[in-house]
Structures are given as C-alpha cells and as structure tokens.
Amino acid sequence: MTSRFLQIVCGLTLFFVVGCTKEEGGSVVSLTSGTAELYSVSNQTCEIKFRSEESWKASCLANWLTFSPKSGKAGENVITIASTSTNRTKQPRTAVMTIEAGWDRKTVNIKQRDEYAIFETDELNLGCQATTVGINFRTNLQKDQLDLYYTKGLDEWIIPGNQARTRTEYEGFIYPLHIKQNSSQSPREGAFFLTMKDNSGNILGLDTLFIYQEGSDNGYHSYDYSQDGQVELLNEATEGKGIPIVLMGDGFVDEEIRDNLYSRTMKQAMEHLFSEEPMKSLRDYFNVYQVTAVSDRNRFDGVSTAFKTKTDHQSTAIEVNADAVMKYVKKVEDIDSIHSLAVVILNTNLNKGMTYMIRDKKKEDYDYAIALCPVIDSLKSESFRQVLTHEAVGHGFAKLADEYVRSIEGSATETDIKELKQMHEKWSWFLNVDSEKDSTKVLWSKFIFDSEFANEKIGTYEGGYTFFKGVYRPTENSMMNTNDAPFNAPSRQAIYNKVMKLGLDKTPTYEEFVEFDRQHKPTKWSYKTRTRGAWDESWHPTPPKIIWR
C-alpha cells in the first residue's frame, strides 16, 4: 500500500592514482575518490570504490548513516553508504570513514547536503466542520526548486490555494487550505509533501504534514446489542479438518448491522481472501465464520469500538485489544482457536493495514494471528482486496515476511539476521526472505534452477524484510512487496504447505507442490517495479508485530 523514497546512487568521478607498489612501500588501499556526497534526505546512497592488496575493514562513527559491507577481502571493492535520517540541521554535516588494510589507513570524507523544507508542525487535527487554514514552512530552496504533492484523494476534501512565499526566501506558506465538511461517520486523513528533485530528476521528500479530520457521528451511540456475538458459517470445508478463519467487523453500529452493511462487508472480505492463488484453489479446506460485533460508536479512539481499535494517522499502524478479539473468536463453537486466523475489518476507508502474530511461550504449536484492514476506498476496490490479502493471507495465515524496503531501515544487523534465522528454523516463518545471497544456498534455490518457474524470474534480489541491504527476496515484485502482483512461488509454497499441514496433517514434498502449482498458477505476472515517490511512503503497510502471551 501503502511507500518509500527513491534510492539515489551517486556517481563518483574524481580519480587519482597511487604510483607506488606495495613492494615499494606504497599504499595497500587505493581509493577511487577520497570524498562522497549524499543528498539531505534519508535513504540516499552512494558508493566508495577502492582496491585493497589485503583483507580490510571499515569504520565510521556517524549516527546518521550506515554502510555495507564493513569488511572484505583483497581485490576490487565497493562500500555502499546510505543516509538513515534527513539532515534538518540547516547546514551540511560531515563524517569520516576509515578503511584499514594491513598497515595502511585511508579516510573518506562523507558529506550530507543541507537542502531543507520543514513544515511548522508535523500534523494538523481538524474537526468535522468545514474550515480554512494556512500552513507555514521554512526552506532554503528557491521557489522553482520546491514542489508540493499530496496523497491520492486528498483533493476530494481539501482544496489547496496557490503556494506563496512570505517575507524572505527562507520562509513560506501554503494558503489557504479549504477543508470541506466531513459528513461521514468515518474519519479521513491525508498528507502534504514538500519535495525537490535531484540531478537525475528523481523526487526527494523533504518533509511531511499529516492531516486528520474527525468523522461526523452526530453523537450516535448503539442501543441494540441483540445481534452481538451471533455466528454464521460463510464457507464450509469439504476437504480436510476445516481450517478456521473468523471474520469480524469493528466500528459497526447497530443500524449498520440491521441494514446488512456488516454482513455484506464480511462476505466481500471473504471473497477477497480467496481471490489469489493458491488460496483460490484451496478454498475447500477452510471453514470461514462471521461473528457479529456491535460497536458503541464508529470512532477508532481505542475506547468506542468492540475491539478497542485505535488508528494512528501518522502511520499505517492499528492498535487492537487482542483479548477482546479472542473472546469473539471463541464464540464459534468447538473452534481450534490456537490455530485460527482472526480477520478484523474496520468500518472506515483509511488506508492502513496491520497484522499481529501471537505466540504462546508454553505452547510450541500456538499459531494464532489477528489481521486488521479497513475498507480501503470501497468494498470492491483493488486497494482493499490487495491490502487484505497481504495482511490476512500473507502475514496472518502463511507467516510470510514483507519483501519491501522502508526508508527508515538501513542494512540488516547481525542481530536482525540472527532473529530471521530463528524464525526460519524454529517456526518456519518468513520463508520468503533470506540473508543468504548464494543462489545455490538460498531457501528457494530449487525454484531458481527449476525451468517450471522460469517465467517468474526467481533469483536473489537484495532488499526485503524492510531492510535495503543484507536481506534478499525471491522476485522483483510480489504480493508481499507492492501488493499489485501475485504471490511468488516460494510464498505460494508456504501457503500450500500450511494448508496441507493444518488441513491434512501432511508435510508435502517439493515435487507435490510443483505438481499442484502447475495446475493452479497465477494467470498473469507483473514485473513492473513500482517507483515510490515521497508522497506515498507513509502509506506502506506496517510490518507484522509479534506478541508473546
């Protein structure tokens, strides 16, 4: 869903040559350049190229950058540097990297530029009434260097006036912003982004202003709770034991339940869950239940709804009361609750998604998850279908990892890699990402060399598990990356194996999956790489959160 700033690779063209050889007492390390420069925003990258006659290691104490690798062998080498935060100091900041090999030490001066544009506030909270506001910002850029963007759909309820500058070139304001009245019970949100372009024309995000407008609930409270807790079987398994999925809604008041909005929402959500392979062809293994939950009000403030959900309009995170969700799951008679998936649909069109993977320290086979997704845009919108599939099927059921990269993450650390390997070995989670780059050793190596999957271009693509370095994913794009492509083969295998395990107590072989998949492949693959601009970074799905009971 929701994405991230573009990575910019800096070209370093300044060369000098060390004339002496190692035997003559010359350099062990020969740098292509002794300087490197990054743009002022986070997640910008550049490279340091050098040759070393011996094994080497690099170090840098700056807390605003990361780099990889930190050591290496003799020969031609490249270190990738990345900024981990935006420079808001209003002046360039510098750091020194040291590369050591044998007796030789070389230094590289790293500079992060000082372009900035800063809103005077991070967020704007508005009531449901129509109003007009002005937003101030400060910048050291000229007017023709600065651009203003906003999230999709924001112009349907906010009409921005012309961008204008005030007293000096370092101050500005956006005035007026005409805010329309929100007649819906659901709150709505969006964001403005101040951006600039680098020398290659790529858009760099400088600052973000989140705007949140309350819903107009007219003080309405539910009074009829007679249908609360009622259970309806929406899909009955005809194969295996019947793997339980429990659909529930939050923020639905009694009137919306009486007029069947609740029921229509749950049934459409179920269809979305079985819209992608292999779930489409494995539907007969699932028992899908609808449990009715009547909320007091349609306000996601952590108090007013059945599951106490709370939305943070600065991110895609959604808070929920997990105990309240489990209470409703157990309203399904004789349900295997510790192996169930709870799917909570929020009665709002906010663009968010969140999954909680829940473990029990005393029960090794505990395999319960809560996936939360609003009705994004509309019941039959692609955004709702894709985010729900990503969260509920990908994270909640199959325990797949995100294959995307977030600008706030740098290279995976040794601790991150250790935790990932534990997920693989202990629980068979996150099998669609790996820290292994070697195509003969990576978790999905069989797929790489199997001609059956040649059209999917399976390999080891760097970037995944939210990190841009140190973790690899199987395909350029997938449902677990940008949401707008099918599940890739390793992810489909994880889903298929999970269904066979829970439904038939069976651990299938690779060959059995290939035979199944041959008959039920996705009909169309997309190889388009989504270009993520500054204006959609904050709307990317939130990584799953693991809770220990």
Side-chain angles (χ1 to χ4, degrees), residues 1-5 122-126 149-158 179-180 182 184-193 205 208-215 249-252 265 268-269 272-273 275 298-301 305 309-320 343-356 370-396 402 404-408 466 479-485 530-545:
M1 275 189 28
T2 168
S3 192
R4 58 180 307 278
F5 299 154
D122 293 332
E123 64 182 72
L124 183 63
N125 295 287
L126 304 170
Y149 290 93
Y150 48 83
T151 48
K152 180 180 178 182
L154 191 70
D155 55 347
E156 295 178 2
W157 56 282
I158 296 182
I179 315 297
K180 296 181 180 180
N182 186 5
S184 167
Q185 292 185 354
S186 299
R188 54 190 179 186
E189 62 183 19
F192 282 102
F193 304 90
T208 304
L209 170 66
F210 295 96
I211 298 182
Y212 179 84
Q213 187 179 31
E214 293 181 348
D250 207 27
F252 290 84
T265 301
Q268 186 61 63
H272 288 334
L273 292 179
S275 63
N298 178 247
R299 296 180 69 87
F300 299 96
D301 53 11
T305 65
T309 51
K310 182 178 181 181
T311 58
D312 176 359
H313 53 276
Q314 293 193 46
S315 74
T316 54
I318 303 172
E319 297 178 15
V320 69
V343 180
V344 179
I345 307 299
L346 278 63
N347 186 22
T348 173
N349 60 6
L350 297 181
N351 198 344
K352 300 177 183 293
M354 187 77 188
T355 299
Y356 291 85
I370 303 171
L372 301 110
C373 183
V375 182
I376 304 169
D377 295 336
S378 67
L379 278 178
K380 295 187 178 181
S381 75
E382 270 298 281
S383 296
F384 179 36
R385 186 190 73 83
Q386 290 173 358
V387 175
L388 181 59
T389 301
H390 176 108
E391 296 293 342
V393 178
H395 288 322
D402 289 306
Y404 60 75
V405 175
R406 292 169 65 90
S407 65
I408 59 174
T466 72
M479 177 58 69
M480 300 311 294
N481 188 356
T482 60
N483 300 350
D484 55 3
R530 178 180 294 179
T531 300
R532 301 188 179 101
W535 52 90
D536 60 5
E537 178 194 7
S538 61
W539 310 110
H540 213 295
T542 299
K545 183 176 181 179

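The model shown is predicted, which means the values in this text are computed figures rather than measured ones.
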Could you give the distance from [atom1] ([X]) to [atom2] ([Y]), rounded to the nearest 0.5 Å?
X: Ile376; Y: Asn349; atom1: CD1; atom2: CG; result: 9.0 Å
X: Leu124; Y: Gln213; atom1: CG; atom2: CD; result: 9.5 Å
X: Lys152; Y: Asp155; atom1: NZ; atom2: CG; result: 10.5 Å
X: Tyr356; Y: His395; atom1: OH; atom2: NE2; result: 12.5 Å

Check [X] against [Y] and note the closest heavy-atom contact, atom names and distance.
X: Phe252; Y: Ile345; answer: CE1-O, 3.6 Å
X: Gly394; Y: Met480; answer: CA-SD, 3.7 Å
X: Asn347; Y: Asn298; answer: O-ND2, 3.1 Å
X: Val387; Y: Gly353; answer: CG1-CA, 4.1 Å
X: Met479; Y: His390; answer: O-ND1, 3.0 Å

Regarding Lys352 and Glu189, does a basic nitrogen lie under 4.0 Å from an acidic carboxylate oxygen?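 The answer is yes: the pair qualifies as a salt bridge.
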Looking at Ala191, is its backbone amide N or carbonyl O close enough to the side chain of Thr151 to form a donor-acceptor pair, meaning the two atoms are under 3.5 Å apart?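 Yes, the answer is positive, given that a donor and an acceptor are paired below the 3.5 Å cut-off.
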Backbone N or O of Asp484 within a donor-acceptor pair of the Glu382 side chain at under 3.5 Å?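 Looks like no, no N/O pair under 3.5 Å.
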Between Arg299 and Glu214, does a side chain to side chain contact (heavy atoms under 4.5 Å, CB included) hold up when you go through it step by step? CA-CA 9 Å; Arg299 296 180 69 87; Glu214 293 181 348; 3.9 Å; yes
Does the side chain to side chain contact (heavy atoms under 4.5 Å, CB included) test come out yes or no for Ile158 and Tyr150, once each step is laid out? CA-CA 10 Å; Ile158 296 182; Tyr150 48 83; over 6 Å; no
Side chains of Asp402 and Thr466: is there a donor and an acceptor less than 3.5 Å apart?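 Thr466 and Asp402 do not have a side-chain donor-acceptor pair below 3.5 Å.
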Only one of Thr348, Leu372, Leu346 clears side-chain contact (heavy atoms from CB on, under 4.5 Å) with Thr311; which?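 Of Thr348, Leu372, Leu346, side-chain contact (heavy atoms from CB on, under 4.5 Å) with Thr311 is met by Leu346 alone.
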Would Val344 and Ile370 satisfy side chain to side chain contact (heavy atoms under 4.5 Å, CB included), going step by step from the backbone distance to the final call? CA-CA 7 Å; Val344 179; Ile370 303 171; 4.2 Å; yes
Give the ring-plane orientation class for Phe384 versus His272, where under 30° counts as parallel, over 60° as perpendicular and anything between as tilted.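 The rings of Phe384 and His272 stand perpendicular, inter-plane angle above 60°.
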